[in-house]
Structure formats: structure tokens, C-alpha cells
Amino acid sequence: MVESNDGSGQRDFASSAQAWLEESVPKRWRENRGSLSEDEGNEIRREWDRQLYRGGYSGLSLPKEFGGQGFGVAEEVIFAELAGRAQAPDGLARIGRILTAPTLVAHGTEQQLSKYLQKILSGDEIWCQGFSEPDAGSDLAGVKCRATKVDGGYLINGRKIWTSFARHADRCLLLAQTDADAPRYKNLTLFLLDMHQPGVDISPIRQSSGLSHFAEVQFTDVFVADEDVVAGEGDGWKVAMTVLTNERGGVEAASRYVEIRADMDLLRASLGEQPEYKLRLDSLEARVELIRWQVSKSLALEEDPTEYFRATSILKVFWSDLWKEIAELGLETADGTTVDHWRFQYLETRAASIYSGSNEIQRNIISERVLGMPR
Ligand SMILES: Cc1cc2nc3c(=O)[nH]c(=O)nc-3n(C[C@H](O)[C@H](O)[C@H](O)COP(=O)(O)OP(=O)(O)OC[C@H]3O[C@@H](n4cnc5c(N)ncnc54)[C@H](O)[C@@H]3O)c2cc1C
């Protein structure tokens, strides 16, 4: 169990969370999720969002005054690890909970907080993140989706791609260009966009693993009111950085740790008796446990945003490369009983070093902002 320096409060939290998870994770998901259709799986994931809210496990680290539970990141991390171990579903409302809610607490207006937070935390509204475009992924400052000022708001025109959950989303955290002539980083604005409007055209993209998590989204003259601008016009880059920091932090790494740990255990069960794999398995094993160690270490720095950022920056690169390597060895050595699992994991983990910002970009961030190396 990941723990920060503090002791008993977190242990009490962990034991109630564990008991709740044991009785709440749907049996159908725990035992048969491999045989569920994507739609059946999504239904369970949707209900899981509501269960989290009813159980008091949604918005764990958000302040109570905003409808959260008032805990720290440590409890988020503990819960993510326990939920992974209990094989809990990943809710469909996760983008709202993990990205939109903390972003609104940091930058939103009173009106935005009261309009959106409760629906996000209760799982009643699903959000997607409209950042990437066909010609602007790593180069996020280059987004071309255009927001044109009109009476009372903006009209959005342009295309987004790789938009996870778009098919299910009620709202989108949308990054768009408001001033083509302004300098880079001053030309963007973040909008809270209603996806149920004419002019929002969603085309699902099928992944190599057969799933269809994401989509391409075309916006044609879609209206967003002035009151749904986050921070102010031209502040989009600053707000987007808050979103991305939440996306790449310790909470995500803790839940990934559990998935990677399970794959590592599977690998050991099939190759552990074969001496030619001993060195490779031991080296992978040590790296798996380093994820947990680094997450624990970063929790002690939670109160200092700069040090917390420095400590968590390496996590995304580290776990995604490692998971790919484990899946490669799994596929290379698979037999009749494990081949389906490893084939799926091999294809799914290809994306891990790309989503939430590619590992090359994250290495640039580490070299410049953590190690202080010149550009
Ligand atoms: C499963 C999945 C889900 C996703 N979900 C979402 C989502 O919900 N919302 C959303 O907005 N986006 C989402 N994305 C998109 C993701 O954020 C982008 O794919 C990612 O930022 C990379 O952008 P790109 O695909 O345009 O690649 P590019 O930016 O074209 O990069 C291509 C390659 O060049 C490298 N490269 C580019 N610039 C540099 C540089 N300066 N230095 C070194 N190397 C560089 C990159 O690392 C990469 O290997 C998702 C992606 C995946 C795979």
C-alpha cells in the first residue's frame, strides 16, 4: 500500500475504502469483463461513477466547500491503488472528475463551480478533453480550432482528434484559438462546451485492439456562452497546463502500478521457473516496484507544488515504457492460455507512451523544467 509520512488517518481511510470496494465492485465486471460487449462494459462504467459518488469516493481531494471529500492527494492515490486491486471499473466520467473538476476549482468562477461540479462528481455529466488536433498534438500551442467572438459568446469551428469518451460526452473541455495574431501561448482560450448541440459531429475511431475509446470531432458554428470561458480570453495556455499537470501525476501512476503489477505477476507465473528469464524478470520486477516507491516519495512533497511536480514528472515516462516492455515479453513467450491477454495488452500499451503527452515531450519537460538543461 502506498502511504505518505502520515500514519493512522490514512490507514483508517484505506480499510474503509477496501471494505466498500469489496462489496461494491460489480461481480459481472470482476468476473466476466472479458466477455462483455463494449456497450455492456460502458453501462457498468457509467453506473460505477454514480456508485463512487454515493459511497463518498468521488472528488476525494477536492475541498468540502466544493462538494469534494476534503482529503489530500495521498487518499486519491491510496484509493486508486485499492480500486485497481479490487478490479474496479474505470468510470466513464473520469475526465470530468480528474481533469475538469480540479481545473474549475483552480480557475473557475462561482457560477461555473455551482453549475458543473455537482454533476461532474455525481457522474451525471460525462466530459471529454478537446485538446489534440490533426496538426497540433505535441505542439499544443499550435491549435487551430477557431473561436470567433459573437454577441454573448463565441462560435467554434474546427476539428479535434483522439478525443476519448467523445461519443458519451455531455461536455467538452475545449482548447481553441481566439486570436490568430496574438503571440504563441497568448492566443488560446479554454471553453466549457455543450456537446449536445447541432454542429457537433462525432466520428469514432477504431483502435488496433478492437476498442473504440476515442473519436474525431468536427465543430461547425457551435456556440459557447461568455460565462463558459475559463479564466479569461487568452488564458487558455495557463489553464491547459493545470489540466495536463493533473493528467500526468501520481494518482494516474498509482492506478497504473496495479495494472502493471498484475501483468508482472502473470509473467512470473509463466516464466518464473525458467532460469534463462531470471535476470530479465528480476530487472522488470525492480522497476515495477520503483513506480510505487516514487509515488510514495512524491506524496511527502504534496504541499510544495514545485517539488511535487519535479517528483512526479518522471512517472508517466517510466511506467509507460516499462508496461510496453512487459507486454512485449508477454507476447514473445505467450502460450495458448495467455496469448489473447498478451495480444490485447501489447496493442493497448502501444498507446501508453503517446497519450497524456508523448514520452519524448515529457522528456523535454524533465530536461528543461526539472534538470534545468538548456533548450
Ligand atoms: C489512447 C489515446 C487517447 C487520447 N485521448 C486524448 C483526449 O482525450 N484528448 C486529447 O486532446 N488528446 C488525446 N490523445 C492525443 C494525445 O494527447 C496526442 O496523441 C499526443 O499529444 C501526441 O500528439 P500527436 O499524436 O499529434 O503526435 P505528434 O505531435 O505529431 O508527434 C509525433 C511524434 O513526434 C514526436 N515529437 C513531436 N514534437 C517533438 C519535440 N518537440 N521533441 C521531441 N519529439 C517530438 C512525438 O513525441 C511523437 O513521437 C490521445 C491519444 C491516445 C493515443
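In listed order, ligands and their atoms are each counted from 1. As the structure is a computational prediction, the values presented were derived from the model and not from experiment.
Considering both main-chain and side-chain atoms, Ala136 never comes within under 3.5 Å of ligand 1 through any nitrogen or oxygen pair. In terms of polar-atom proximity, Asn364 is counted as a contact of ligand 1, with an N or O under 3.5 Å from an N or O of the ligand. The shortest N or O to N or O distance between Ser358 and ligand 1 is below 3.5 Å. Considering backbone and side-chain N/O atoms, Asp139 never comes within less than 3.5 Å of an N/O atom of ligand 1.
In terms of protein heavy-atom proximity, atom 39 (C) of ligand 1 is nearest to Ile361 CD1, 3.5 Å. At the shortest separation from atom 8 (O) of ligand 1 among protein heavy atoms lies Ser164 N, 2.9 Å. Among all protein heavy atoms, the one lying closest to atom 21 (O) of ligand 1 is Gly137 C, 3.8 Å. For atom 9 (N) of ligand 1, the closest non-hydrogen atom of the protein is Gln129 O, 2.7 Å. Scanning all protein heavy atoms for the shortest distance to atom 53 (C) of ligand 1 gives Ala351 CB, 3.8 Å. Here the protein heavy atom with the shortest distance to atom 44 (N) of ligand 1 is Glu360 CB, 3.4 Å. The protein atom (non-hydrogen) at minimum distance from atom 7 (C) of ligand 1 is Trp162 O, 3.0 Å. When hydrogens are left out, the protein atom nearest atom 52 (C) of ligand 1 is Tyr355 CB, 3.5 Å; that is the closest non-hydrogen contact.
Taking all atoms of both residues into account, the shortest heavy-atom contact from Ile291 to Ala253 is CG2-O, 4.0 Å.
Using a cutoff of 4.0 Å between basic side-chain nitrogens and carboxylate oxygens, Lys149 and Asp226 are scored as salt-bridged. Arg256 and Glu259 are joined by a salt bridge, as a carboxylate oxygen and a charged side-chain nitrogen come within less than 4.0 angstrom of each other.
A search for ring pair (Phe, Tyr, Trp, His ring centres under 6.0 Å) contacts involving Tyr308 returns nothing, not counting sequence neighbours.
Under the 4.0 angstrom criterion, atom 32 (C) of ligand 1 counts as lacking any protein heavy-atom contact.
Residues in residues 154-164 take part in these side-chain hydrogen bond (donor to acceptor under 3.5 Å, both in side chains) pairs, two or more places apart or across chains: Glu133-Lys160, Tyr154-Glu233, Asn157-Asp221, Arg159-Glu216.
Put simply, Ile95 and Leu192 are part of the same group of oily side chains (I, L, V, M, F, W, Y) that touch within less than 4.5 Å, one to the next.
Of all the heavy atoms of Phe214, the ones lying under 4.0 Å from any atom of ligand 1 belong exclusively to the side chain.
When side chains are defined from C-beta on, Gln294 does not count as touching Phe318, because their heavy atoms never get closer than 4.5 Å. For the pair Ile354 and Glu360, the minimum side-chain heavy-atom distance is 4.5 Å or more. Under the 4.5 Å side-chain criterion, counting only non-hydrogen atoms from C-beta, Asp263 is in contact with His341. For the pair Leu211 and Glu38, the minimum side-chain heavy-atom distance is below 4.5 Å.
Using cut-offs of 30° and 60° on the angle between ring planes, the pair Tyr355 and Trp319 is tilted.
Near Phe131, the atoms of ligand 1 lying under 4.0 angstrom from a non-hydrogen atom of the residue are 11 (O). Those atoms of ligand 1 with a heavy atom of Ile354 less than 4.0 angstrom away are 19 (O), 20 (C).
Summarising the contacts of atom 16 (C) of ligand 1 with Ser132, Ser138, Gly130, the nearest heavy atom is found in Ser132.
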